[in-house]
Amino acid sequence: MASGYNHKLIEGKWQKVWDDNKAFAATNDFSKPKYYALVEFPYPSGQGLHVGHPRPYTALDIVARKRRMQGYNVLYPMGWDAFGLPTENYAIKNKIHPKEVTKTNVARFKEQLHSLGYSFDWDREINTTDSDYYKWTQWIFLKLFKEGLAYKKEMPINWCTSCKVGLANEEVVNGVCERCGSEVVRKVKSEWMLKITEYADKLIEGLDGVDYIERVKVSQKNWIGRSTGAEVDFAIKGKEEKLRIYTTRCDTLFGVTYMVVSPEHPYLDQFKSEIKNWDEIVAYREQASKKSDFERAELAKDKTGVCIDGLTAVNPVNGKEVPIWVSDYVLMSYGTGAIMAVPAHDERDWEFAKKFGLPIIQVVAKDGEEVDVNEAAFTDVATGVLVNSDFINGLEVKDAKTKMIEFLEEKGIGQAKVNYKLRDWVFSRQRYWGEPIPIVECEKCGFVPISEDELPLLLPEVDSYEPTDNGESPLAAMTDWVNTTCPCCGGPAKRETDTMPQWAGSSWYFLRYTDPTNKEALAGKEALKYWLPVDWYNGGMEHTTLHLLYSRFWHKFLYDQGVVPTSEPYQKRTSHGMILGENGEKMSKSRGNVVNPDDIVRDYGADTLRTYEMFIGAFDLSASWSEDGVKGCRRFLERVWKLQDIVTDEDGFSKDMETKMHQTIKKVSSDFESLKYNTAIAAMMSLVNDFYKKNTVTKDEFKTLIVMLNPVAPHITEELWSLKNYGGYVYEQTWPEYDEAKTVESTVEIAVQINGKTRATVAIAKDADRDSVISIAKETLGDRLTGNIIKEIYVPGKIVNIVAK
RNA sequence: GCCGGUGUGUCGGAAUUGGCAGACGAGGCAGACUCAAAAUCUGUUGCGGGCAACCGCGUAUGGGUUCAAGUCCCAUCACCGGCACCA
């Protein structure tokens, strides 16, 4: 009898063997086929690893280990996205340098990941806060700046009146400061921006050539929010200036009954003298500017606004005069900051018109049916047909749009225009713990980039990490660092004191892994050419819109610069579901349902944790933790362990197990590729159950099981392999092959139905012909088959259905 | 409100994409081992009826297509996640 399965004795031992052997290092042999598997690198928080982390890491560890056994040169790296607010806040609170906090947290994370037996190539570990790393983050920024894609702009920020600090949106909870609970207002500050909007079309088009799960593609497209419409110039009565608006429904131009401009619209100030109710307008504008984003959202339903007394717009298609209103439901940041209002065919305009008693004119009718636009706006484009609209009457919406645009362009009063919801990326943070922005401001030369050979621009040591009273970054207080000379004219200049956001370092990290120690470039050309694109990238749904979009943007920019060889960074993108607490709620300290992976590793072992997290349910859906489920997986591994007592010396698969073996290899092989880890494990459990039913396993059957199980449970399988003296290591073995012909049983059980209801099952030879199967089926049914047979259906290998009346 | 996702035993979840619903795991029940418990092993386990072979009902709800529907179509409901007036 073998001694019991003791994970504590074997897991550390094998982790050391893998480290000593450098078992999982990617080689620089670029002639081998490559496979680049990537998981999102974690932010090393003070809480340590969460049980949610191992889910994606194990999934791609399985893929990476399997690919190595299939002969690929695999790159499966890990690193640390270590800049960020929580570290800085912790540093402020505890008066420890963020660098020290990061170091401690990274050490803890690394130890925890190590204890789970991942096959990461630790020689390629990176950290976004290393100056050797952020040198290249800064280098990319300089490139962007030189290409005109980085610019400064006045932007409103969230400002805590009590802490006197700018806050990220995530720090504003219900309109108040997360930390002190005081009021948060908007304050205008000059910020660095990146022109991601310039890449909007490329970011949409690029999605066609990549293999992302559908919902990721959909949310990327929605976030970019491309809409095709038209800009139209409305005359302002008695003025030279035109009021330019953006619309996606230029077909409804004949239904315009009023106009709306946003409270920030420049015409308000420009035509101040003509506006008779200026005081009212100013008051409204004040009120609107005070509203936080939160309040605007809260009051979304209730429209407010003021009619401008003194300005009138003229509809360019019919010469009709309409009033101009000011309302905060029109945003300055989208389109032109002004709209034409067609209450009959837009819900927001309809609500506004109802509230202020403005006329509603129908210009689109539903396909032959009456619609009462006084009851609700009619917005259906698919069935709409134009009415009351002069030269476009009777046209469908789509054709009416085309014709109207032709008309507008011909008359010079408007043109087709594409707009995006996507905003440029606010790239400044008034914080210490981030990459310094390598720009100086010279009185004479303006913003000047520092020279590339001065990179990295090191983050200087400061006395305090607290932001300053006026909302500047702590770096602003360091006068001897801030005051410098202009690289251009040599005159006095000041350094930029804002730092980059956390998204910066994570926008290109996958490039650095390919060649992490390169001093001359962010990575060598040859390495980039070989390893890119990432073959499979897995990460959370929460990063679909920001991180994924930002990194695709940088990558596309670098591609245009000739720095990287592919236009897309990631060939395949998948997302995992969250792991919830036992009660089905999100794990959190306050709910008291947090599970610490260290405890599971200690009590059950890393292999059990890995197996359980893969078995817990469909990979892309969220799943609730269950300690009983963990025990079940441990029990399975114990049963695998004890198989060693019934293994024979026999080669090959035994006759009665042959089909099952081939079926299992096939199932496990394909399930590992398609995120169906749970059913792959179920198949191996079922195989083990069959071994016990027979109470014997041949050497080759056992070896095959060990190799297939190895990616999931690497420690126990190495131990069993070594105990049995099979020679070498499991990780060096070749992934088992199956024979398609041998996955089919020689006799199959098929269902026999009468009128679609199963009445019996019969065993038939797999190649039995239709007639004989049907006659066997009828024989089996005997008396139960009554009435006239109308139809006989035979689906080979599956079912016989006799239709009788 | 819009976008996306999900509804299957007591629970987590399977179902080769239209072909025997409930694989695998958990839990329950019964038994073996044990002084006993735990662990382990064996059997059983969707609901209802029948001694039984069997029969009826069952995949959120209502309808439809089909020889055959968890799977396809139409409508409805519930829950989860994201976004908030994007003209």
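What you see below is based on every heavy atom in this structure, not just the backbone, and it leaves out hydrogens, waters and symmetry mates. Order of the sequence lines sets the chain letters (A, B, ...), proteins ahead of strands, with each chain counted from 1.
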Phosphate-side-chain proximity, A:Asn419 and B:A87, N/O vs OP1/OP2 below 4.0 Å: no

Between B:G25 (P) and A:Glu638 (CD): distance, integer Å: 15 Å

Can you build the contact string for nucleotides 26-31 of chain B? Use B for base contact, S for sugar-phosphate-only contact, and - for no protein heavy atom under 4.0 Å. SS----

Which part of the nucleic acid, if any, lies within reach of A:Asn689 when heavy atoms closer than 4.0 Å are counted: base, sugar-phosphate only, or nothing? sugar-phosphate

Within the structure shown, what part of the strands sits under 4.0 Å from A:Glu792 by heavy-atom distance: base, sugar-phosphate, or nothing? nothing

Test applied, side chain to side chain contact (heavy atoms under 4.5 Å, CB included); reference residue, A:Asn315; option that passes from A:Val256, A:Val322, A:Thr257: A:Val256

Starting the side chain at C-beta, find the nucleotide from B:G19, B:A87, B:C20 nearest to A:Ile793. B:G19

Output for pair (A:His345 NE2, A:Thr379 OG1), nearest 0.5 Å, gives 9.5 Å

Looking only at atom P, what distance separates B:C72 and B:G18, rounded to whole Å? 8 Å

Going by an N to O cut-off under 4.0 Å, is there a salt bridge joining A:Arg226 and A:Asp201? yes

A:Lys586 and A:Ser622: side-chain donor and acceptor closer than 3.5 Å? no

Measuring only the P atom in each nucleotide, how far is B:G58 from B:A75? A whole number of Å is fine. 24 Å

Could you tell me if the side chain of A:Glu740 sits less than 4.5 Å from the side chain of A:His662, heavy atoms only? no

Give A:Arg639 one of three labels, base, sugar-phosphate or nothing, depending on what nucleic acid heavy atoms sit under 4.0 Å from its own. sugar-phosphate

Roughly, in whole Å, what's the span from NZ in A:Lys676 to C1' in B:G25? 18 Å

What is the distance from CH2 of A:Trp625 to P of B:G13, rounded to the nearest Å? 14 Å

Once you round it to whole Å, what is the distance between P of B:C80 and CG of A:Asp620? 19 Å

Candidate nucleotides B:A68, B:G5, B:C24, ranked by approach to the side chain of A:Asn801 - the nearest: B:A68

Euclidean distance for P, B:C11 against B:G28 (whole angstrom): 15 Å

Would you kindly give the CG-to-P distance between A:Asn678 and B:C24, to the nearest whole Å? 14 Å

Pair A:Glu613 + A:Arg55: basic N to acidic O under 4.0 Å: no

Between B:U76 and B:A30, how far is it from one C1' atom to the other, in whole Å? 45 Å

Distance under 6.0 Å and angle within 45° of ring axis: A:Lys303 vs A:Phe352: no

May I ask you to verify whether the side chain of A:Lys303 and the base of B:C85 hold a donor-acceptor pair under 3.5 Å? yes

Bracket notation of RNA chain B in which parentheses pair within the strand, [ ] cross earlier pairs, and | pairs with another strand (Watson-Crick or G-U, under 3.5 Å): (((((((..(((......[....)))((((((.......))))))((((....))))..(((((..]....))))))))))))....

How would you summarise protein contacts on nucleotides 43-49 of chain B per nucleotide, using B for base, S for sugar-phosphate only and - for none, with heavy-atom distances below 4.0 Å? -------

A:Gln663 CD to B:A14 P: how many Å, rounded? 20 Å

Decide whether A:Thr574 and A:Asn538 meet the rule of one side-chain donor and one side-chain acceptor closer than 3.5 Å. yes

Quick one: do the A:Tyr329 and A:Asp349 side chains pair a donor with an acceptor below 3.5 Å? yes

Between the side chains of A:Tyr334 and A:Ser227, is a donor N or O closer than 3.5 angstrom to an acceptor N or O? yes

Measuring from the side chain of A:Ala682 (C-beta onward, heavy atoms only), which nucleotide among B:A87, B:C83, B:A23 has the closest atom? B:A23

Rounded to whole Å, the CD-C1' distance (A:Glu613 to B:G13) equals 16 Å

Just to be sure I understand the rule, does A:Ser333 reach a base, reach only the sugar-phosphate, or reach nothing, if contact means heavy atoms closer than 4.0 Å? nothing

Modelled atom types, side-chain donor and acceptor of A:Ser262 and A:Glu264, under 3.5 Å: yes

Checking side-chain polar atoms at under 3.5 Å, does A:His547 have a donor or acceptor matched by the opposite partner on A:Glu40? no

Whole angstrom is fine here: how far is it from CG in A:Asp346 over to C1' in B:G1? 13 Å

With A:Tyr612, which of A:Trp625, A:Tyr677, A:Tyr604, A:Phe636 fulfils ring pair (Phe, Tyr, Trp, His ring centres under 6.0 Å)? A:Trp625

